[in-house]
Amino acid sequence: MILDKSWWKYLLGLWMLLVILGAFLYAPPAKGLGETARIIFFHVPTAWLASLAFLISAVGSLQYLRTQEKKYDIWAYSAAQIGLIFAILATVTGSIWAKKIWQSFWNWDPRETSIFILLLIYAAYFALRSAIDIEEQKAKLSAVYSIIAFVTVPFFIFIIPRVYESLHPDPLINPEGEIKMDTRMLQVFINSLLSFTLLFFWMLRLKIETMKIYLKLDQSVSK
Amino acid sequence: MEKRRLSLIHNAYIVFLKDLHVEFRSRYAVNAIFLFAITTLTAISFSIGPIRLRSEILSPLLWIILFFSSMSGLAHIFVREEEQQTADTLRLLTTPNSIFLGKWFFNVILLFSLEVLIVPVYLAMMGVQVNSPGSFLLIIIIGSIGIASVATLIAAIISQASAKGALLAVLSFPISLPVLISGIHGTQLAMDGSTFAETLSDLQILFSFSIVIITLSLLLFEFIWRK
């Protein structure tokens, strides 16, 4: 019975196993970067999910302000929490790679700056939430903050590259808009991106369901 | 329609005058922001001593002083309303947007008056040569409008939270980073004597950022303010 509903979870496990094997055994080392380029299969998905979670959190916040329904606040909060985990993972994996290639863990490359700003915003969001006691106020004010933070993001896209020069490899996001990647690398990369995204939504769903149960418990206790 | 818009500006002006009166009764925000700025400036000047710094360091130092001084005083405008329990009366009296505009204007004026004092003192104490004074002034003015706008909006949020003092800087910093980055960049160019055209892109970013934040504030302030 359990197998009926959660067949996709087993499939995801198998899929991610194949991605890990593929990342180390199937994909060839990249030109110039050598074996260290394999981090792309784990680093880029985490960075992408950190941004996706930020977007989901902002949309949830906007919906909350429009409808004042508790479930959207749970969406925004859960997405931010899981987004923070992925943002930390992206920072750490990127930093380890930077030590190997650029000889230092941190040197304010534009990509490092952007992920750091994302971390700061997440941290500020949770600091704000923890400082407000009334539930409705907490949901409302953090939603407003999340939207303000989201709107300022486009500015960074314009400003940071102008002030700081980037050394970050750009096989995917580059001015020419071409995908500069080996075919076998690309196969593993796309599979990794998709499986990580599925994992993210599973985590998000779990978080949201847990939060809803907590909410119900709280309500039944207060009754 | 015309009359409504006029009454928005008029009410904002009345809120501004009221805050000015209340401020001069206690002078809390003025004292906080001025003394903080002077303390920081003295600390920096004292620790550096007679060394002449380059514009790459002088410009960030100036913005750090301005940013953290504003963080010390600009929250008071909303925190005071909650602490003295006058917020509810204010809620009944006029529309949220005119309150926001009045308080925003007060903060802008407060930051400007700080700069009138602190920027010349900074330039004199650190021995800074500003080669393009026009661009320099414009960047400081538009940049401080940006900082004041962010600080006013965040002040409205944190006035309803506990641990108000520490939160303002924490919440404002990621939001006002565009102002800080392009402000520092533009100020440095202006100190080195770049032409107006070279600093124009920084000015454009500062200007558009302020417009975006003010528009966003007018859209979102009602959610913060109404209980």
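First the proteins, then the strands, lettered A, B, ... as listed; each starts at 1. All values reported here derive from a predicted model rather than from experimental measurement.
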Rounded to the nearest 0.5 angstrom, the CD-CD1 distance for Gln137(A) and Ile157(B) is 11.0 Å

Do other residues, nucleotides or ligands put more than 12 heavy atoms under 6.0 Å from the NZ atom of Lys100(A)? no

The interface call for Phe173(B) against chain A, heavy-atom contacts under 4.5 Å, is side chain

Heavy-atom pair with the smallest gap, counting every atom of Gln160(B) and Ile132(A): O-CG2, 4.2 Å

Can you tell me how far the CD1 atom of Ile213(B) sits from the CZ atom of Phe155(A), to the nearest 0.5 Å? 7.0 Å

Quick check: are there more than 12 heavy atoms from other residues, nucleotides or ligands sitting under 6.0 Å from CH2 of Trp15(A)? yes

Of the listed Ile158(B), Leu220(B), Leu171(B), the one with the largest count of heavy-atom pairs under 4.5 Å with chain A is Leu171(B)

Is any side-chain heavy atom of Tyr125(A) closer than 4.5 Å to a side-chain heavy atom of Pro174(B)? no

Kindly write out the residues that satisfy salt bridge (charged side-chain N to carboxylate O under 4.0 Å, His left out) with Glu135(A), not counting sequence neighbours, or none if the list is empty. Lys70(A), Lys138(A)

Counting heavy-atom pairs under 4.5 Å with chain B, which one of Asp133(A), Leu141(A), Leu118(A), Ile121(A) comes out on top? Leu141(A)

Would you sort out whether Ile175(B) and Tyr145(A) count as a side-chain contact (heavy atoms from CB on, under 4.5 Å), showing the intermediate values? CA-CA 9 Å; Ile175(B) 310 285; Tyr145(A) 186 72; 3.8 Å; yes

If I measure from the heavy atoms of chain A, does Ser208(B) come under 4.5 Å with its side chain, its backbone, both, or neither? both

Which atoms of Val144(A) come close to chain B, meaning under 4.5 Å heavy atom to heavy atom: side chain ones, backbone ones, both, or neither? both

Go through the atoms of Val170(B) and report whether side chain, backbone, both or neither lie under 4.5 Å from a heavy atom of chain A. both

If you count every heavy atom of other residues, nucleotides or ligands that lies below 6.0 Å from Phe207(B) atom CZ, does the total exceed 12? no

Reported CD1-to-OG1 distance for the pair Ile181(B) and Thr113(A), which is rounded to 0.5 angstrom: 7.0 Å

Closest non-hydrogen atom pair between Ala131(A) and Leu167(B), with its separation: CB-CD1, 3.5 Å

For the residue pair Lys140(A) and Phe223(B), what are the closest heavy atoms and their distance? CE-O, 2.8 Å

May I ask you to check whether over 12 heavy atoms, not counting those of Tyr13(B), lie within 6.0 Å of atom OH? no

Can you name the residues of residues 142-156 of chain B that have some heavy atom under 4.5 Å away from a heavy atom in chain A? Leu153(B), Ile154(B)

In Å and rounded to the nearest 0.5 Å, what is the CG to CD1 distance from Leu219(B) to Ile148(A)? 11.0 Å

Trp75(A) CH2: over 12 foreign heavy atoms closer than 6.0 Å: no

Taking side chain as C-beta onward, heavy atoms only, is Thr152(A) less than 4.5 Å from Leu177(B)? no

Heavy atoms from other residues, nucleotides or ligands near CZ of Phe116(A) exceed 12 (cutoff 6.0 Å): no

Can you establish whether the number of heavy atoms outside Phe67(B) located under 6.0 Å from its atom CZ is more than 12? yes

